[in-house]
Amino acid sequence: PRFCAPIIEPPVDVYETEDEVVVLIEIAGILDEEVQVEVDGNTLTVSGERRPAGGQPRRLYSQIEICQGPFQRELFLPAEVNPDEARASYNAGMLEIGLPKAGQKLSRQVRIVAR
């Protein structure tokens with residue numbers, strides 16, 4: 001029996017540095033050319049498909065935990081980014097996407113008046 005969800009949601013870490021928003025996505029076993037990354041405003045969408053290994057003889061499984069099929073993850077980014085200068089690297093099953101922040105927000109001091 002297949003116990004996988006119809007669309008797999010890979011695990012994700014999102015963090016910020018001073019200059020960029022970084023997204024780490026665990027997608028082991030997926031070829032880099034089968035991954036699509038799209039940035040639309042504050043939303044990052046990563047999608048693709050984990051396909052069965054081709055050319056394998058018929059197998060009789062006793063346990064299946066590695067899900068195959070389409071995956072998609074949609075994330076709301078914590079800051080405005082510039083997608084034109086994005087970078088991506090894929091190593092050891094981890095996809096890292098670096099999105100430079102669109103602009104530095106000016107700091108503002110607010111005076112608090114005690115009453």
Side-chain angles (χ1 to χ4, degrees):
R2 183 179 165 107
F3 295 105
C4 296
I7 295 181
I8 303 162
E9 288 190 342
V12 174
D13 287 348
V14 179
Y15 66 90
E16 287 184 72
T17 67
E18 189 174 313
D19 302 322
E20 68 180 355
V21 174
V22 179
V23 179
L24 295 170
I25 305 171
E26 184 182 301
I27 53 172
I30 299 169
L31 300 174
D32 56 352
E33 61 265 11
E34 296 199 11
V35 178
Q36 295 82 43
V37 178
E38 181 180 340
V39 179
D40 184 14
N42 272 16
T43 305
L44 171 75
T45 304
V46 178
S47 59
E49 186 168 355
R50 177 179 286 132
R51 300 181 192 279
Q56 298 292 332
R58 188 170 190 274
R59 298 173 176 175
L60 180 61
Y61 286 93
S62 60
Q63 185 169 339
I64 297 177
E65 293 183 9
I66 301 171
C67 293
Q68 297 176 0
F71 70 88
Q72 181 172 332
R73 195 65 195 261
E74 185 174 281
L75 304 164
F76 295 104
L77 302 171
E80 293 288 327
V81 297
N82 182 357
D84 295 330
E85 296 180 19
R87 63 172 178 81
S89 63
Y90 184 45
N91 187 19
M94 299 296 288
L95 173 64
E96 180 176 312
I97 303 166
L99 300 155
K101 291 183 179 178
Q104 299 298 327
K105 294 182 180 178
L106 299 174
S107 62
R108 179 177 168 209
Q109 291 184 337
V110 178
R111 185 169 181 199
I112 299 172
V113 180
R115 295 180 191 239

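No hydrogens, no waters, no symmetry mates; every other heavy atom, side chains included, goes into these values.
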_Checking one residue: L24. Which other hydrophobic residues are in its cluster under the side-chain 4.5 Å linking rule?_
Y15, V22, M94
*Please report the shortest heavy-atom distance between G69 and I8, naming the atom on each side.*
O-CD1, 4.0 Å
*Can you find a pair of side-chain heavy atoms, one from T45 and one from D40, that are under 4.5 Å apart?*
no
*Measure the spacing between CG of D13 and CG of L75 and express it to the nearest 0.5 Å.*
10.5 Å
*Determine whether the side chains of E65 and Q63 contain a donor N or O and an acceptor N or O closer than 3.5 Å.*
yes
*At what distance, to the nearest 0.5 angstrom, does CD of E85 lie from NZ of K101?*
14.5 Å
*Pick one: which of I30, V35, V12, V37 meets side chain to side chain contact (heavy atoms under 4.5 Å, CB included) with I25?*
V12
*To the nearest 0.5 Å, tell me how far S89 OG sits from L95 CG.*
7.0 Å
*Nearest atoms (heavy-atom pairs only) where V46 meets F71*: CG1-CE1, 4.1 Å
*So do L31 and R51 actually touch side chain to side chain, heavy atoms under 4.5 Å?*
no
*Can you find a heavy atom in the side chain of E80 that is under 4.5 Å from one in the side chain of N42?*
yes
*If you look at every heavy atom in G41 and V81, which pair is closest and at what distance?*
O-CG2, 4.3 Å
*List the atom of E16, the atom of A79, and the distance in Å for their closest heavy-atom pair.*
OE1-CB, 3.9 Å
_Under 3.5 Å donor-acceptor, R87 side chain and E96 backbone_ = no
*So which heavy atom on Q72 is nearest to which on I7, and how close?*
N-CG2, 3.6 Å
*Drop me the distance from L44's CG to L99's CG, to the nearest 0.5 angstrom.*
6.0 Å
*Transitive ILVMFWY cluster of L60 at side-chain heavy atoms under 4.5 Å: who else is in it?*
none
*asked:* So which atom in R73 and which in E9 form the shortest heavy-atom distance, rounded to 0.1 Å?
replied: CD-CB, 4.1 Å
